[in-house]
Every structure is written in structure tokens, then in C-alpha cells.
Amino acid sequence: MRWSRYPINTVKETPSEAEVISHQLMLRAGLIRRLAAGIYTWTPLGLRSLRKVETIIREEMDRAGALEVLMPAVQPAELWQESGRWEQYGPELLRLKDRHQRDFVIGPTHEEVITDLARRELKSYRQLPVNFYQIQVKFRDEIRPRFGVMRGREFLMKDAYSFHASQESLQQGYDIMREAYMRMFKRMGLEFRPVKADTGSIGGTASEEFQVLADSGEDAIAVSDGADQYAANLELAPALPPSTPRAAALEPLAKIATPGCRTIEQLCTFMGVPATKTLKLLMVDGSEGGVVAIVLRGDHELNAIKAQKLPGVATPLRMAAREAVVAATGCEPGYLGPIGLRCPVFADHAALTLADFICGANELDQHYRGVNWQRDLPEPTAVDVRNVVPGDPSPGGAGRLGIRRGIEVGHIFQLGRKYSEAMQASVLDEAGKPVTMYMGCYGIGVTRIVAAAIEQNHDAAGILWPEPLAPFDVVLVPLNAGKSPRVQAMAESLYEQLVARGVEVLLDDRDARPGVKFADAELIGIPHRLVISDRGIDSGNLEYRHRRAADNEAWPIAEVIERLLERRAAGQRGAS
RNA sequence: CGGGAUGUAGCUCAGCCUGGUAGAGCACUACGUUCGGGACGUAGGAGUCGGAGGUUCAAAUCCUCUCAUCCCGACCA
């Protein structure tokens, strides 16, 4: 491709709307252009990388025996009513009416459509197992789209759905997909971890996410440093009950005035104690009205997923309204404590191991100190409702947990029979009896992968594409070709030879100054760069530089093609 | 949805407080000089100042409404 014939519009200034580095670089390098909030056009350059991601996914899905289909983006409401998600799904589901006033949705996912297809097409256990996949546009009307294509509303997704006659077969299909995912993300050159995950609104049982590790990631993940290799989404990671017994009560119970100490931080500053000696009490809505109290150690955070699974707690989790708190305790938030509460109370394990602790007195500007379980108040039910913190023991049994940030690029689920039951998708077994199929579901955020790759691979000058995802393999940079016929001729010759060898080459034939060409080539992140100049030709060498290298290499002109092919092959194998 | 902020040329922004002929840099076009790390000069094209209404002799500027975009938002007991 000739640069002069290819619309690559780079910009020096960072567009003000971009917050994270991948979004900034994608705009500056001209990979995407925003059309509306969370909705982007992919330019020719950006699309080349997006297609590379797609190709790797397609190859690995095919290798794993999955069959590609293409389902409609617009789906009739009837299917969603049948599965029950017409009511369940919130405003994130974009609904619309056609000219006959019939309800439709723009698909945020395709369980309903695929299950409908499966129940029509699959009649016999002999046709199972089978796995259908597609790479297709989805629309989710996110509350707050941000970070460019990282959390867009419209995005490209690979979704796959497998159908099985038994749980064992589902497990096998799931394992095959897990392997395929490991291969894909490795081929893309990404640093990632599979982590245990919550199944969320999709439902089902076993589930893992594939997280690309990056500080700007929206998800927190708990990773063990031990031999157990444990990794889980923070939402899901269990906090093990402490093994140390509770210390003996030493201090007497005393009520103290704590004016203006509404937060743990204020309380600790006022009292001169660490947050680990305090208790906090959170009020959440109960499932049948009323409120439920949850007690945590002062420095711990509530885990919403764990909390909403407690008996009597409303799903989804909602913090209790101020009025409800006052009605239940006679006190407003800021001074709540577990002593003398009438509502149901749960306490986190860590909160229950405290002795001589400080907690609210359920009176304005008053706290208790020297509080002890059993002696001063009954022990509530012990539960795990907090987020794990760095240093907690790994649930895997070896090592301690650390917290890292990740970008979720893939998610695999064993759905079981949730949709097949609701939509009556069954096949006949050996005995001629209908059996409801087991389903698995496997997603990949294709668009997001491009952003994640940049988030993980960039420097001050621009993008450092993992080679398998780069829009071009090589950029040829002739200097002063307008004045030097031999530079021009050599650049053309190299271009033709490389193209003939199947290399994706970008020839910078613009009449621009060298600095402009170098800066652009680095910004758009082409892995291999070859500079053609009079100076080089005189010395019998051309200048080669890898995008990740700090220095140039001088390559004899006669060897340039072969050496470049070698480097490219090495890079594609992931040896960059 | 609640709170905050911002809408002026393709991009980054100034001008608004204190009303009076719409600006700069980047980008773009032409010409000339320049040519190994985002050159310089000259000339030029480009904006219904988000939209509607109002106040005023006069509105980018003041007022009201509206739309869009961005940021923050259980974690507090």
C-alpha cells in the first residue's frame, strides 16, 4: 500500500474526549472516528488490525470444530419474552418498533436466536455436540460508554453457543473452548489470565473470564502469588475466614461523644485508632421490604455480588434509603452500629474476630468503644461479604492474593439448561425420549481486544503493535525520493519484491520531511521499518529498526529482503 | 437517573466576567526556500459561535428553555 493513496490522518494533539491511552492513540493514529457516544467508525487502517483479530479468532474457532453462522442484529421481541429477558433486561436493551408497531430489539447477545435455531434444526442426539459461532455487531445501551471502543455501545463480538446431550459433554465442549481461547490470546501476543467469574445476567454455572492485564482495566482481579495459580474476579474471590481466634475482651464498654464523625476515616482521625479496630454497618434493602444490616471491619469494602446472595437481601443489591435507615434504627447514617438492632444482621468473618472494637451507637454523634461480641451483644450470622484485599490467603490453598486490574476480553459459561428449558429446545435420545439440551456460551469482545492490545503495548511515541495484530508488517521510508531517483527506484523495487513475497508493506511515498515520516510510522506502530536514503545506498547498507528496538541496524542491501522475511516470521510466532 | 463541566474553523483552544466588524496554533490549498526526528516564509480556503426563544439600538458575550458531549456518582454507617 502506498501511503499517498491511503487515508491515514494522524494528529499531534490529543483529542480532549479521550481519557485512556488506547483511546488517545487510536484517535491520534486515525484508527477510529467517533460518530456518536460509544459508536465508532473504523478507518481503513484501523479495520486492518480489527480484521487480524477476527482472523485469529476464526481460525482457532474453526480448528476447535465450531461452525460459523451469521445471525440478525435485529430480533423480534417474542423470543425475548419467551426467555423471560424482555422483562429482566433493563434499559441496556435497545428496543424499537417497526412500521407495524411490532416490538424488536437490537441484539445485545444472541442466546434466544441461537436457541430458536437449535430447537428447529437439531432433532437427534446424534447431531450433538455442536458449536455455532458468529462474529457480529452487538448493541448494548450502556449507562456510561467510555474509553473509546473499550466500552462502546456498538461493538463487534464473537459469540459461540454449544449444544450437548449431557453435562459431561458440555464440560468437554467447555474445555475445548477454553483451550481455543488460550491459543487465540497467546497468538495475539497479549498478556492475559483466565479468571473465575460471576455469571451475571446471562446465568448458568461454571464461568471464566479472560482478562488482559492493564492498569487502566475496569475489572479488579485477585491473583495468587502461590503455586495454586488461583485467579478470580474480585467480585467472586472468597475471603477465607481468619484462622486466628478472637482476642480476649480487655476494655470495658463505653459510650463516647464523636461529633461530626460520620465516616470511618473521620472516626479514626478523631480517635487516633486504625480502621482495623473499627466496625461499620451498612443497611441494604431486604427482599420483602424492610432492611438488612451488614457488618464489616472498618477498612473493608462490601462485595455486592456476595451481599445480594445473602438470604433476605434484595437482588440486585440496593443500599437502603436514608428514611428506611432512620425508621429501622432511629438514627441517621454515620453512627450506626450492631448493638440493639432489630433488623436481620449479618457480619463478615473479619468483623467477628475483632475484640475491643469501636462502632456506632445508633445515636447522633455517639459511638461505643471497647465493644466485644458475646459480652456486649449477640454474635450475628458469620458470612463472607467483603472484597478480598492484598495479602489475604489464596482460596486455592497456596500463596497470598494480590489485586491487579484487567480488561475483560473473553468470557466463557456453562449455561446448562436455562435457555433450552425456557424455550423447549430438546432432541431425542437413544431411547427416543426428548432430552433438554445443555448449552455453553462463549464470548469475545473483538473490538475491545484492539484497544486492550494498545493499552498493553505502547510507548511515548505511539502504538507498539503485537506483530500478529499490526495493520502492516513493514513500513518503507524513502528519504528525499523526490530529488534522488536511485532512492526512489530502490524503494519501488523493495516494495514490489516484498509484496510479491506476501508481506504487508506500507510505502511512505509522501513528499514529507524525514521527521514527519518517522513520527507517523512510530505513532501507527508498524513493527518493522526500513529507511532508504542516499547515505545508506552509498554505504551499501539500508537502515532497519524494529519498533520496539532502541537502535538501528545496518543491513547489506542484498540481504534486506531475506532478513526482513526472517524477522517477520519470528515476530509472527510471538518472538518479538 | 442524580451531581458537575463543556459546546466558537477538521483538531486543540482563546474571546464571554465588563454586549459594539469572530481570533490563534495545528491541519488543509498554492508558490518559494528547506530536507535524517513533527521546518520556514508569502498568499489563501474554511466557523448559521450546538439549537430555539427572550432582553437590547446592538448578543459568541446577558436571561430562559432545549439538545449534545465529557467527567463523577452504593463503598456511608
- Message: Looking at rU21(B), which nucleotide sits across from it as a Watson-Crick or G-U wobble partner, both distances under 3.5 angstrom, or is there none?
- Response: none
- Query: Under the 3.5 Å rule, do the base of rG37(B) and the side chain of Arg529(A) count as making a donor-acceptor pair?
  - Reply: yes
- Please determine, for rG2(B), whether a Watson-Crick or G-U wobble partner exists with both distances under 3.5 Å, and give it or none. rC72(B)
- Task: Look at Arg513(A) and rA39(B) and indicate whether a side-chain polar atom (N or O) is within less than 4.0 Å of OP1 or OP2.
- Result: yes
- State which of rA77(B), rC70(B), rG36(B) makes the closest approach to the side chain of Val325(A). rA77(B)
- Message: Please give the distance between the P atoms of rG10(B) and rG47(B) as a whole number of Å.
- Response: 8 Å
- Message: Counting C-beta onward and ignoring hydrogens, is there a side-chain heavy-atom pair between Arg95(A) and Ile106(A) closer than 4.5 Å?
- Response: no
- Kindly point out which of rU12(B), rC71(B), rG38(B) is positioned nearest to the side chain of Leu523(A)? rG38(B)
- Closer to the 5' end of RNA chain B via nearest nucleotide, is it Thr14(A) or Pro333(A)? Thr14(A)
- Can you figure out which of rC76(B), rG36(B), rG38(B) approaches the side chain of Thr10(A) most closely? rG38(B)
- Can you tell which of rG36(B), rG38(B), rC72(B) lies closest to the side chain of Arg28(A)? rG38(B)
- Query: Of the nucleotides rU69(B), rG25(B), rG73(B), which has the atom closest to the Arg34(A) side chain?
  - Reply: rU69(B)
- Query: Quick one: which of rC11(B), rG36(B), rU69(B) gets closest to the side chain of Pro514(A)?
  - Reply: rG36(B)
- For nucleotides rU55(B) and rU64(B), find the distance between their P atoms and express it as a whole number of Å. 15 Å
- Task: Return the nearest nucleotide to the side chain of Arg545(A); candidates are rC35(B), rG37(B), rG36(B).
- Result: rG37(B)
- Task: Would you indicate which nucleotide in rC1(B), rC35(B), rC70(B) comes nearest to any side-chain atom of Ile143(A)?
- Result: rC1(B)
- Note on the structure: As its Watson-Crick or G-U partner within any shown strand, both distances under 3.5 Å, rA77(B) has none
- Message: Other residues, nucleotides and ligands only: do more than 12 of their heavy atoms fall within 6.0 Å of CD on Glu87(A)?
- Response: yes
- Message: Treating Gln24(A) as the side-chain partner and Ala18(A) as the backbone partner, does any N or O pair qualify as donor plus acceptor under 3.5 Å?
- Response: yes
- Task: Using a strict 4.0 Å threshold on nitrogen-to-oxygen distance, state whether Asp534(A) and Arg486(A) make a salt bridge.
- Result: yes
- Query: Between rG37(B) atom C1' and Glu543(A) atom CD, what is the distance in whole Å?
  - Reply: 11 Å
- Query: When we call it a touch if two heavy atoms are under 4.0 Å apart, what does Val516(A) touch: a base, just sugar-phosphate, or nothing?
  - Reply: base
- According to the Watson-Crick and G-U wobble definitions, with both distances under 3.5 Å, which nucleotide is paired to rA46(B)? none
- Euclidean distance for C1', rA52(B) against rA9(B) (whole angstrom): 23 Å
- Message: Expressed as a whole number of angstroms, how long is the span from Asn303(A):CG to rC75(B):P?
- Response: 16 Å
- Atom P, compared across rC71(B) and rG25(B): separation rounded to whole Å: 30 Å
- Item | Sugar-phosphate only, base, or nothing, as touched by Lys12(A) at under 4.0 Å among non-hydrogen atoms | base
- Once you round it to whole Å, what is the distance between C1' of rC70(B) and CZ of Arg144(A)? 9 Å
- Message: Tell me the interatomic distance from Leu364(A), atom CG, to rA77(B), atom P, rounded to whole angstroms.
- Response: 15 Å
- Task: Scan Tyr335(A) against the nucleic acid and name what it touches under 4.0 Å (heavy atoms): base, sugar-phosphate only, or nothing.
- Result: sugar-phosphate
- Base, sugar-phosphate, or nothing: which does Glu19(A) touch, judged by heavy atoms less than 4.0 Å apart? sugar-phosphate
- Task: Go through the side-chain N and O atoms of Glu235(A) and Asn303(A) and say whether any donor and acceptor fall under 3.5 Å apart.
- Result: no
- Consider the side chain of Lys280(A), meaning its heavy atoms from C-beta on, and name the nucleotide among rC75(B), rC72(B), rG38(B) that approaches it most closely. rC75(B)
- Task: Measure from CD1 on Ile264(A) to C1' on rA74(B) and round the result to the nearest Å.
- Result: 15 Å
- Message: If I pick the P atom on rC1(B) and the same atom on rA30(B), what distance separates them, to the nearest angstrom?
- Response: 48 Å
- Item | Who pairs with rC26(B) - Watson-Crick or G-U, where each distance is under 3.5 Å | rG10(B)
- Using the C1' atom on both, measure rC62(B) against rU56(B) and round to a whole Å. 10 Å
- Task: Starting from P on rA77(B), measure out to CG on Leu267(A) and report it in whole angstrom.
- Result: 8 Å
- Message: For a quick test of reading the model: is some side-chain N or O of Arg146(A) closer than 4.0 Å to OP1 or OP2 of rC71(B)?
- Response: no
- Query: Nearest to the side chain of Ser16(A), which nucleotide is it out of rA77(B), rC35(B), rC13(B)?
  - Reply: rC13(B)
- Per nearest nucleotide of RNA chain B, the residue lying toward the 5' end, Glu522(A) or Leu317(A), is Glu522(A)
- Item | Any donor-acceptor N/O pair under 3.5 Å between rG38(B) base and Asp520(A) side chain | yes
- Task: Would you mind checking if Arg5(A) and Asp509(A) are paired as a salt bridge, meaning a charged N to carboxylate O distance below 4.0 Å?
- Result: no
- Give the minimum heavy-atom separation between Met319(A) and Asp285(A), together with the two atoms involved. O-OD1, 4.1 Å
- Task: Name the pairing partner of rG36(B), where a pair is Watson-Crick or G-U wobble with both distances under 3.5 Å, or state none.
- Result: none
- Grab the CG-C1' distance between Asn9(A) and rC11(B) for me, whole Å please. 11 Å
- Query: Just by distance, with hydrogens left out, do His23(A) and Glu455(A) show a side-chain donor and acceptor under 3.5 Å apart?
  - Reply: no
- Item | Euclidean distance for C1', rG7(B) against rG51(B) (whole angstrom) | 11 Å
- Searching all strands shown, indicate the nucleotide that pairs with rG53(B) (Watson-Crick or G-U wobble; both distances under 3.5 Å). rC63(B)
- Message: Would Arg563(A) and Tyr544(A) count as a cation-pi pair here, with the cationic atom under 6.0 angstrom from the ring centre and within 45° of the axis?
- Response: no
- Sugar-phosphate only, base, or nothing, as touched by Lys483(A) at under 4.0 Å among non-hydrogen atoms: base
- Glu17(A) CD to rA68(B) C1': how many Å, rounded? 13 Å
- Message: Using the P atom as the point on both nucleotides, what is the distance between rC28(B) and rC17(B), in whole Å?
- Response: 36 Å
